[in-house]
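Below is one structure, written out as structure tokens, with a few remarks after it.
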Amino acid sequence: MLNLLKTIRHAIASWWSEFTLQTKLLAVATMVVSLVMSGLTFWAVNTIQQDARMNDTRFGRDLGLLLAANVAPLVADNNLTEVAQFSQRFYSSTSSVRYMLYADETGEIFFGIPFWEAEVENSLTIKRRIQLPDDYPGGDGEKPMVRQHMTPDGTVTDVFIPLIVNKKYLGVLAIGINPNQTAVISTNFTRDVTIAVFITIWVMVILAGVINALTITKPIKELLVGVKQIATGNFKQRIDLPLGGELGELILSFNEMGERLERYEEQNIEELTAEKAKLETLVSTIADGAVLIDNNMQVILVNPTAERIFGWEAANVVGCNVLHHLPASVQIEITRPLYEMAAGECESAEFRIFINQPIPRTIRILLTTVLNVQRESIKGIAITIQDITREVELNEAKSQFISNVSHELRTPLFNIKTYIETLHDYGEDLALQERQEFLQTVNHETDRLTRLVNDVLDLSKLESGRNYSFDGVDLAQAIEQTLRTYQLNAKDKGVELVQEVAPNLPLVLGNYDLLVQVFGNLIGNALKFTKVDGKVAIRAYQLDFKPSHTESAPVRIEISDTGIGIATEDQHSIFERFFRVENRVHTLEGTGLGLSIVRNIIDRHRSKVHLVSEVGIGTTFWFDLATFEEKAPPIQVEPIAEASKIITA
């Protein structure tokens with residue numbers, strides 16, 4: 001039962017909540033009016049009923065006194081026959097009397113209409129008595145007592161009149177008076193009308209609520225849903241309700257607004273899409289990484305460069321917290337500045353951070369706040385990521401180059417200055433042999449300084465913007481010229497120079513002077529690191545295989561020696577600027593630029609220089625050169641600008 005009441009209460013509450021404020025006020029006002037009218041009506045009915053009861057009471061008392069005055073002498077004379085006849089005529093002459101009972105002073109009924117004592121005794125042998133009320137005065141007073149009781153036919157007025165003759169109490173006369181039919185009918189009619197009016201009012205209220213829900217509330221709800229849909233961008237929303245009047249005009253205007261917005265959207269969607277595509281293309285093609293986040297650190301936009309730098313290619317970070325996906329080193333650096341910028345405490349920040357993942361690199365991160373159109377509040381934060389790994393490497397190489405050149409220049413200049421000052425100050429005190437040794441040292445240091453400057457200039461030319469003309473080169477001639485240059489040097493050191501050039505070798509595509517410089521640097525290094533009775537060989541032969549059906553087989557050049565060799569850990573650095581193996585294995589002097597020049601020249605010839613070496617056994621450098629096609633015109637090879645900025649700086 002309790003659950004049923006709760007269900008009914010919930011249903012009523014839900015039903016009541018669906019009504020508008022106007023409907024609720026109307027219902028409350030109707031209830032108050034109906035209650036007031038019903039109260040007034042019931043008050044009127046009650047007043048009428050009280051008047052009717054009062055009239056019945058007066059009528060019954062007067063009728064009882066009249067009847068008692070006529071029958072009291074007969075009862076005193078014990079003339080019961082006359083009493084019966086008189087009472088019968090009186091009962092028959094009016095419809096207001098319901099019953100008439102005569103009882104003696106003990107309350108025993110001796111005559112009654114519509115029954116009397118003889119019939120009762122003969123048929124039932126039962127004696128009836130009147131149970132008088134406790135407050136009945138009896139023989140002490142002559143005023144009648146009036147009471148009323150309810151019956152199925154209405155309220156009956158009971159009148160008890162004492163029969164007194166010569167101040168002697170003879171008994172009591174009880175008369176029942178029927179209610180006034182006119183008053184009863186009037187009262188019932190008034191009550192029925194009141195109930196009908198009350199029911200009619202509430203039926204009208206319910207109907208008004210239903211009509212309000214159907215004609216006003218429903219269209220308003222439909223309009224509310226439509227406005228919300230329009231606000232979310234659904235311009236296809238329409239309201240189809242067959243209504244007239246102001247609501248119909250409102251619905252018609254709403255539908256027209258939706259149609260106009262839909263047409264406007266269709267007209268501008270292509271333009272907006274194109275602009276969006278342009279912006280996305282622009283963001284995706286810029287060299288720097290770009291990430292846009294909101295004030296809650298949620299990623300709004302990220303371009304492919306940023307995804308590549310942070311390794312986000314396989315992760316969808318849009319809509320996620322950017323701090324959860326950044327590398328640890330980046331997260332540590334920018335977390336606090338990001339929250340400070342979101343709170344408006346600063347507008348920008350810049351960081352230089354080294355990261356290990358996904359690959360080691362150095363990046364520069366710029367944080368900039370994004371303001372709204374009025375520049376009053378912060379809408380988000382733009383994160384720009386620049387990969388400055390190459391820039392850092394170039395700066396380090398530049399610094400290292402300047403440091404190495406300074407060191408290499410300082411040593412010969414210091415030696416030259418020292419010996420010249422000694423000759424200047426103590427020349428006359430020195431022996432001729434000592435002065436010659438000093439001058440020989442100065443000459444040697446001058447040659448060393450010249451070589452260093454020439455190597456630096458050569459490397460600078462190779463890595464600068466200078467173009468070189470490539471043509472057919474006779475390798476046998478270039479090798480012969482190189483060997484003639486180093487023949488005396490090899491003889492002085494006791495090293496054998498061997499030339500193994502294949503006969504009928506085709507011309508190669510290259511620059512004669514540059515190739516002579518390559519041969520000179522490689523043979524010079526081989527002689528430097530080869531001991532007495534050693535051997536240095538240069539070989540040139542054409543390979544058997546062809547790179548393609550249209551090209552000839554390349555020519556391979558090898559320079560081998562039986563010198564000290566190069567350790568495995570040094571082989572990957574041997575072509576770097578100023579890297580010298582002699583720093584670890586011996587004290588021979590050199591600029592450390594020879595092999596770097598060789599690598600640059602061979603790179604210009606679109607080839608690679610390789611080496612095979614073993615400590616204590618010897619070293620072999622080799623590279624391949626393309627053959628020269630006589631029909632093909634000479635080509636201009638663009639310089640490799642790998643480190644031209646460093647040299648020219």
Side-chain angles (χ1 to χ4, degrees), residues 228-235 261 264-393 395:
K228 289 182 178 180
Q229 291 294 324
I230 292 293
T232 58
N234 182 15
F235 300 137
L261 289 174
Y264 177 80
E265 182 185 30
E266 292 175 353
Q267 293 173 357
N268 292 276
I269 190 66
E270 294 183 359
E271 182 179 353
L272 294 175
T273 303
E275 292 297 328
K276 180 181 179 182
K278 290 180 182 178
L279 291 176
E280 290 180 350
T281 303
L282 178 62
V283 173
S284 62
T285 55
I286 60 177
D288 296 335
V291 180
L292 181 62
I293 62 175
D294 57 17
N295 293 337
N296 296 322
M297 306 302 148
Q298 305 296 318
V299 178
I300 301 175
L301 176 67
V302 57
N303 71 341
T305 305
E307 292 178 348
R308 184 177 65 256
I309 292 176
F310 291 139
W312 291 346
E313 293 90 344
N316 185 14
V317 298
V318 176
C320 302
N321 191 314
V322 68
L323 297 176
H324 296 166
H325 297 274
L326 290 173
S329 57
V330 178
Q331 181 181 353
I332 293 173
E333 290 288 340
I334 72 173
T335 297
R336 183 174 179 180
L338 280 178
Y339 281 106
E340 291 178 352
M341 295 178 68
E345 298 178 4
C346 63
E347 295 182 356
S348 62
E350 181 177 349
F351 303 91
R352 179 174 174 177
I353 306 172
F354 177 78
I355 59 175
N356 292 319
Q357 298 294 334
I359 61 174
R361 69 177 82 210
T362 303
I363 60 175
R364 179 188 292 116
I365 294 181
L366 304 176
L367 305 180
T368 308
T369 56
V370 180
L371 306 178
N372 59 3
V373 179
Q374 293 78 18
R375 305 184 65 83
E376 296 177 352
S377 61
I378 299 175
K379 296 184 64 177
I381 301 173
I383 304 175
T384 304
I385 306 100
Q386 298 176 345
D387 187 356
I388 59 173
T389 304
R390 182 59 179 168
E391 178 183 342
V392 172
E393 292 176 352
N395 289 334

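Values reported hereafter were calculated over all heavy atoms of this structure, with side chains retained and with hydrogens, waters and symmetry mates removed.
- Annotation for R364 and I388: closest pair NH1-CG2, 3.4 Å, computed over non-hydrogen atoms.
- Checking side-chain atoms of T389 against main-chain N and O of T362 turns up a donor-acceptor pair under 3.5 Å.
- Heavy atoms from other residues, nucleotides or ligands lying under 6.0 Å from CD of E347 number 12 at most.
- One distance of note links CD of E350 with CD of Q386; it measures 7.5 Å at 0.5 Å rounding.
- When side chains are defined from C-beta on, I378 counts as touching L371, because their heavy atoms get closer than 4.5 Å.
- In this structure, D387 CG and I359 CD1 are separated by 7.0 Å, a value rounded to the nearest 0.5 Å.
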Problem set entry | From CA spacing to verdict: side-chain contact (heavy atoms from CB on, under 4.5 Å), V322, V317 | CA-CA 7 Å; V322 68; V317 298; over 6 Å; no

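- When all heavy atoms of V392 and R352 are compared, the closest pair comes out as CG2-NH2, 3.0 Å.
- How far CD1 of I293 is from CG of N295: 8.5 Å, rounded to the nearest 0.5 Å.
- Nearest heavy atoms, A342 versus I381: N-CD1, 4.0 Å.
- A distance of 10.0 Å separates CD of Q331 from CG of L338, quoted to the nearest 0.5 Å.
- The two residues M297 and L323 make their nearest non-hydrogen contact at CG-CD1, 4.5 Å.
- Looking at residues two or more places apart in sequence or on another chain, you find a side chain to side chain contact (heavy atoms under 4.5 Å, CB included) between I355 and I309, P327, S329, V330, I353, R361, I363.
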Exercise. Given the rule in the side-chain contact (heavy atoms from CB on, under 4.5 Å) test, do F310 and I385 qualify, once you have shown the distances and angles that lead to the verdict?
Worked result: CA-CA 10 Å; F310 291 139; I385 306 100; 3.8 Å; yes

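- The distance from the CG atom of L326 to the CD atom of E333 is 12.0 Å, given to the nearest 0.5 Å.
- Sorted pairs that involve residues 296-322 and meet side chain to side chain donor-acceptor pair (under 3.5 Å), not counting sequence neighbours, are lacking altogether.
- Applying the side-chain hydrogen bond (donor to acceptor under 3.5 Å, both in side chains) test to T335 and every residue at least two apart in sequence or in another chain returns nothing.
- Closest approach of C346 and P337 over heavy atoms only: SG-O, 4.3 Å.
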For this session: For the pair D288 and L366, evaluate side-chain contact (heavy atoms from CB on, under 4.5 Å) and give the outcome as yes or no after the intermediate values.
Result: CA-CA 11 Å; D288 296 335; L366 304 176; over 6 Å; no

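- Atom CG of L292 and atom CD1 of I383 lie 8.5 Å apart (nearest 0.5 Å).
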